[in-house]
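These notes concern the structure reproduced below.
What's counted below: heavy atoms across the whole structure, side chains too, no hydrogens, waters or symmetry copies.
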Amino acid sequence: MNTAEYLLAALARRGTKRIYGVPGGGSSLDIIAAAERFGIRFILARHEGNAAMMAVADAEVTGAPGVVLTTKGPGLMNALNGIACAALERAPVLLLTDGFTDKQLSYITHQVFDQRAATAELVKGYTQARSDNPAAEIEALLDLAMQAPIGPVHLDLTSEAARRPAGELLPSSSNTATSLDADALAQARAMLAASRKPVILAGVEAVAAAEPLRALVAALGCPALVTYKAKGVIADADPYFVGIFTGGSLEAPCVQDADLIILAGLDPVELILQPWRYKALVLDIGLRAHPVHYVTPSAALHGMLAPSFAALAQGATHSAWKFAEIAAHRDAMRAALAWHGSGGVAPPRIVTLAQEAAHRAGRRPRISVDAGAHMFSATAFWECSAPRDVLISNGLASMGFALPAAVAAALENPADGAVAFTGDGGLMMCVAELATAAEAGAPCITIVFNDGALSLIDIKQQQRQLPPEGVRWARPDFAAIAEGFGTKGFAAANEADYITALDAALAHKGPSLIDVKVNPAGYPAQLQAMRG
């Protein structure tokens with residue numbers, strides 16, 4: 001095999017099914033030409049940054065490396081917001097860029113800058129596959145992406161390098177399996193034994209260990225909260241599930257009742273910019289130690305999470321928590337997010353009505369959620385039963401994520417499709433990907449909370465009693481825009497129109513968009529409840 005072929009074979013072996021991007025005239029064309037032979041589909045996006053977001057979502061949904069392909073120079077630079085997203089969402093993404101040969105760099109300055117330096121702060125590793133054994137370089141780079149902290153890597157590949165023989169992969173002599181630290185496990189068990197009322201805060205690292213974590217929660221009989229990225233790790237229907245943990249004020253009454261806080265795969269990148277507010281002892285169970293953290297744990301158990309959860313569940317004593325206490329905290333958190341406002345369709349109703357319509361249609365779609373005020377309702381009111389039922393940019397909290405993520409999720413599971421919950425501001429950053437959805441045949445429904453503003457920033461502006469400048473705009477007609485991109489478009493100004501639009505969108509075989517009129521008056525109360 002040549003190097004391009006070997007790369008595709010290595011990706012296919014690891015489960016990659018799609019590459020997203022905008023090609024240039026170099027190695028990207030070699031990759032596209034060979035991809036189908038390895039069972040990998042190339043999806044032509046409209047912008048490299050959106051393609052990188054698709055790769056992030058693909059990696060999260062499949063567990064395999066996501067791949068974004070770009071040309072040199074401006075293509076690489078366009079992709080960087082999505083690569084930053086991969087880094088802070090802990091997603092294994094390969095950035096595959098066209099490169100310059102040494103001969104070209106001897107006389108070319110057009111589009112030239114140091115591509116390695118440009119991505120150095122965002123990626124875990126970089127290579128050009130120009131050694132005597134490109135196969136070994138490729139395998140090492142993909143292995144690195146999957147190691148904690150999971151994240152993106154960069155392969156800067158010229159056409160010349162892509163066509164070279166790949167060489168042979170040398171067998172690995174390293175053994176990555178690790179056993180639990182006996183002393184750390186004993187200390188963790190002692191903390192559990194001394195605790196009467198523990199609480200579990202599950203984060204993104206727990207996604208791959210949901211079943212043993214659920215068993216630990218049941219053994220302890222204690223409340224469990226999840227971060228945005230861990231939605232579904234503990235099912236919403238689980239009697240021990242309480243709600244979402246962000247580091248804000250909404251969850252504080254429950255967590256403050258605990259005498260031991262167990263961080264179950266919680267990465268500090270997931271929390272909002274507020275100090276730690278709890279005095280209880282903290283047990284950190286995670287893939288690794290975090291050098292910067294909101295809290296100094298009293299003890300830690302680091303390594304593979306499933307064995308850690310399973311070991312702690314063995315012989316665990318049921319806590320002193322009562323079902324009624326846990327239910328009261330869950331009900332209080334949900335009630336605090338009730339909508340106070342009239343006109344248009346209330347955001348919590350936008351979410352619950354969409355899920356009800358999907359159930360009527362016999363579908364169980366994943367949802368993707370954009371950054372913005374609408375995310376409070378989308379994440380709180382969509383009922384989840386499995387990890388990755390919700391896709392969200394949380395560590396980076398980037399706008400323009402929901403639509404590209406929904407395209408990737410729908411391509412992975414076309415039978416159920418996907419629903420993108422997005423604000424008008426976020427959609428305008430990536431609206432051309434409606435055309436990508438149409439051409440790729442991605443059965444996703446984009447639901448736009450159209451309130452004519454950057455509502456979350458608008459609220460913060462109001463809180464500071466500043467003039468309303470720079471955060472509002474005229475409301476676009478997104479239904480008409482969707483039709484122009486080859487996507488079915490609907491508009492809804494009230495619940496009756498919205499329900500009709502949902503049923504029609506779910507019956508439509510291709511992608512669709514519902515432009516929902518929202519009065520943002522209820523957002524400040526939700527923000528106050530969530531964050532204080």
For this session: Take K17 and R41 through the side chain to side chain contact (heavy atoms under 4.5 Å, CB included) test and state the conclusion after the steps.
Result: CA-CA 6 Å; K17 303 173 188 174; R41 180 183 179 188; over 6 Å; no
Is the side chain of [X] donor-acceptor paired with the backbone N or O of [Y] at a distance under 3.5 Å, no angle test?
X: T487; Y: S512; answer: no
X: D238; Y: A235; answer: no
X: Y498; Y: I350; answer: yes
X: T352; Y: P348; answer: yes
X: Y294; Y: I272; answer: yes
X: R363; Y: L506; answer: yes
X: K231; Y: W382; answer: yes
X: T446; Y: L513; answer: no
X: H374; Y: F421; answer: yes
X: N519; Y: G344; answer: no

Under 4.0 Å between a Lys/Arg side-chain N and an Asp/Glu carboxylate O for [X] and [Y]?
X: E205; Y: R90; result: no
X: D143; Y: R14; result: yes
X: D416; Y: R364; result: no
X: R475; Y: D451; result: no

Interatomic spacing from [atom1] in [X] to [atom2] in [Y] - rounded to 0.5 Å:
X: L427; Y: I447; atom1: CG; atom2: CD1; value: 12.0 Å
X: L312; Y: L301; atom1: CG; atom2: CG; value: 6.0 Å
X: R360; Y: Q355; atom1: CZ; atom2: CD; value: 11.5 Å
X: D424; Y: N450; atom1: CG; atom2: CG; value: 5.0 Å
X: E251; Y: T227; atom1: CD; atom2: OG1; value: 11.0 Å
X: L403; Y: D370; atom1: CG; atom2: CG; value: 9.0 Å

Problem set entry | Reference residue T70; test side chain to side chain contact (heavy atoms under 4.5 Å, CB included); the match among L95, N78, L96 |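 By the side chain to side chain contact (heavy atoms under 4.5 Å, CB included) criterion, T70 pairs with just one of L95, N78, L96: L95.
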For this session: Applying side chain to side chain contact (heavy atoms under 4.5 Å, CB included), run through L283 and I261 and close with a yes or a no.
Result: CA-CA 6 Å; L283 170 60; I261 298 171; over 6 Å; no
For this session: Could you list the residues that satisfy salt bridge (Lys or Arg N to Asp or Glu O under 4.0 Å) with R330, not counting sequence neighbours?
Result: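 Result, salt bridge (Lys or Arg N to Asp or Glu O under 4.0 Å) vs R330: none returned.
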Problem set entry | E89: salt bridge (Lys or Arg N to Asp or Glu O under 4.0 Å) partners, not counting sequence neighbours |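 Salt bridge (Lys or Arg N to Asp or Glu O under 4.0 Å) list for E89, sorted by chain: K229.
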Problem set entry | D284 versus H290, side-chain donor and acceptor atoms under 3.5 Å |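 No pair is found: no donor N or O on one side chain lies under 3.5 Å from an acceptor on the other.
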For this session: Check step by step if side chain to side chain contact (heavy atoms under 4.5 Å, CB included) holds for M53 and S398.
Result: CA-CA 10 Å; M53 295 297 194; S398 175; 3.5 Å; yes
How about [X] and [Y]: do any of their side-chain heavy atoms sit closer than 4.5 Å?
X: E483; Y: F490; result: no
X: L216; Y: I200; result: yes
X: P347; Y: V518; result: yes
X: I234; Y: V217; result: yes
X: P404; Y: M54; result: yes
X: L201; Y: V255; result: yes
X: W321; Y: D257; result: yes
X: H154; Y: K124; result: no

For residues [X] and [Y], report the shortest heavy-atom separation together with the two atoms involved.
X: V199; Y: P223; result: CG2-O, 3.5 Å
X: A280; Y: A258; result: CB-O, 3.6 Å
X: P476; Y: M428; result: CG-SD, 3.8 Å
X: V22; Y: E48; result: CB-OE2, 3.7 Å
X: C222; Y: P198; result: CB-O, 3.2 Å
X: E270; Y: G265; result: OE2-O, 4.0 Å

Problem set entry | Set of residues satisfying side-chain hydrogen bond (donor to acceptor under 3.5 Å, both in side chains) with respect to K460, sequence neighbours excluded |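 Scan of K460 (side-chain hydrogen bond (donor to acceptor under 3.5 Å, both in side chains), adjacent residues dropped) gives none.
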Exercise. Given D267 and R288, is the side chain to side chain contact (heavy atoms under 4.5 Å, CB included) satisfied, shown in steps?
Worked result: CA-CA 9 Å; D267 189 316; R288 64 186 179 111; 4.1 Å; yes
Exercise. Between R531 and Q528, is a side chain to side chain donor-acceptor pair (under 3.5 Å) present by the stated rule, with each step listed?
Worked result: CA-CA 6 Å; R531 299 183 178 177; Q528 180 65 26; over 6 Å; no
Exercise. Below 6.0 angstrom between ring centroids: does that apply to F381 and W339?
Worked result: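 Here the rings of W339 and F381 have centres that are no less than 6.0 Å from each other.
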For this session: Decide if the gap between the ring center of Y240 and the ring center of F323 is smaller than 6.0 angstrom.
Result: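 So the answer is yes for these two rings.
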Exercise. Going through the distances and angles, do E412 and R366 end up as a salt bridge (charged side-chain N to carboxylate O under 4.0 Å, His left out)?
Worked result: CA-CA 10 Å; E412 170 60 19; R366 284 187 172 91; over 6 Å; no
Exercise. Between Y278 and F245, what is the ring plane arrangement, given parallel below 30°, perpendicular above 60°, and tilted in between?
Worked result: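 Geometry flag for F245 against Y278: tilted rings.
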